[in-house]
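Hydrogens, waters and symmetry mates are skipped; everything else that's a heavy atom, side chains included, is used. Small disclaimer: the values here were computed from a predicted structure and weren't measured. Naming convention: chains lettered A, B, ... in sequence-line order (proteins, then strands); numbering from 1 in each chain.
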Amino acid sequence: MKFYNPHEKIGGYNALYAGLVVILISAAIGSWLNVHLNGNLQVALMPERGFWFTLAEHIAPWLVYSSLFFILGVVLSKSKIRFVDVAGSFALARVPFVLIVLTGIFAGREETMSKLFQAAIQNPGQGLGGVALSGGEIVFLIAYMAIILALFIWFIALIYHGYRISCNLSGTKLIVSFIAGIIVAEVLSQTLIQKIYAGF
Amino acid sequence: MKKNLPANCPSCRGRLSVKSLICETCDTQVSGIFSLPLLGSLSDADQEFIINFVKSSGSLKLMAKQMNLSYPTVRNRLDEVIARIEEEEEEKQNNDKN
């Protein structure tokens with residue numbers, strides 16, 4: 001089984017059950033380490049909000065992505081698409097989020113992160129001028145961003161292959177609809193999560 | 001050594017027909033021009049898939065379990081075989097017209 005494409009071997013209800021376990025685990029770890037999601041492509045350290053709120057942050061984008069890509073599959077594919085195949089593959093694709101939320105163990109470095117990003121915002125164009133960074137802090141920042149980026153790339157690869165196999169699409173149709181789908185799904189996910197924030 | 005039955009001419013890619021059949025028991029030979037059956041025109045992998053499909057009573061779920069693949073992967077494979085069969089049928093119809 002390829003780590004970037006498990007969907008050839010696992011699909012349907014098996015993928016859905018495994019994926020729901022992955023979502024529960026990542027929500028539990030995220031709640032414990034105060035790592036929150038704003039959509040599928042943004043992660044942040046925030047004050048504690050409780051397990052159910054964190055779970056909603058993981059469930060909402062999964063449902064939005066699954067529903068939107070299912071609709072795209074029904075419209076574009078010649079095959080008979082099942083929602084459980086799309087939802088299952090997209091749930092299973094959330095494995096990288098277990099590692100993404102684990103980066104919350106760097107919470108002790110929150111001060112470093114805040115210092116760095118505040119400097120970047122307040123002194124645009126001057127990089128991090130005026131901010132005293134130790135060699136260790138620079139190495140930490142680069143390593144942290146590289147890890148997060150690699151995990152998001154892995155997630156994108158997983159949902160790409162999940163979409164390709166569950167909807168039986170290929171070529172230009174697949175690539176164009178995938179890119180358009182991610183953009184729309186991410187906007188919808190973030191809008192939904194903002195509603196969840198407002199509700200809590 | 002297993003020999004594969006060619007379906008297309010190696011020279012011009014035209015559709016091959018059967019000219020003679022032989023009985024290995026009594027050496028009787030039957031000659032004529034016979035069309036290759038449609039299923040014989042498919043690749044070994046496609047023929048094996050079709051046989052497994054029939055033996056599974058058309059259950060893609062059972063096939064997925066036997067092949068150790070996901071249901072969507074097996075369904076996609078079936079759709080590919082269907083597309084190839086439809087291409088063969090269309091080509092046969094065009095050849096018959098000519």
- prompt: Mind checking which of residues 59-70 of chain B sit less than 4.5 Å from chain A, heavy atom to heavy atom?
  reply: B:N68, B:L69, B:S70
field: Considering all heavy atoms, the nearest B:P72-A:G12 contact
entry: CD-N, 4.4 Å
- prompt: Does one hydrophobic cluster hold both B:L42 and B:L16, with members joined at side-chain heavy-atom distances below 4.5 Å?
  reply: no
Joint cluster assignment, A:L174 & A:I179, ILVMFWY side-chain distance < 4.5 Å: yes
query: Hey, any chance A:I165 and A:W62 share a hydrophobic cluster, counting ILVMFWY side chains that come within less than 4.5 Å of each other, even indirectly?
result: no
query: For atom CZ of B:F34, is the number of surrounding heavy atoms from other residues, nucleotides or ligands below 6.0 Å larger than 12?
result: yes
field: Close approach to chain B in residues 81-91 of chain A, criterion heavy atom under 4.5 Å
entry: A:I81, A:R82, A:D85
field: Residues of residues 18-33 of chain B near chain A, each having a heavy atom less than 4.5 Å away
entry: none
field: Residues forming a side chain to side chain contact (heavy atoms under 4.5 Å, CB included) with A:L99, sequence neighbours excluded
entry: A:L102, A:L151, A:W154
field: B:D79 vs A:K78, side-chain contact (heavy atoms from CB on, under 4.5 Å): CA-CA, chis, key distance, verdict
entry: CA-CA 9 Å; B:D79 289 340; A:K78 292 176 187 172; over 6 Å; no
query: Mind checking whether A:I29 and A:I147 sit in one hydrophobic cluster, side chains of I, L, V, M, F, W, Y counted as touching below 4.5 Å?
result: yes
task: Would you kindly confirm whether A:F70 and A:I183 end up in one hydrophobic cluster when ILVMFWY residues are joined by side chain heavy atoms under 4.5 Å apart?
output: yes
message: Measuring from atom OG of A:S77 to atom CG of B:N76, what distance do you get when rounded to the nearest 0.5 angstrom?
response: 7.5 Å
query: What are the two closest heavy atoms between B:R75 and A:K80, and how far apart are they?
result: NH1-O, 3.1 Å
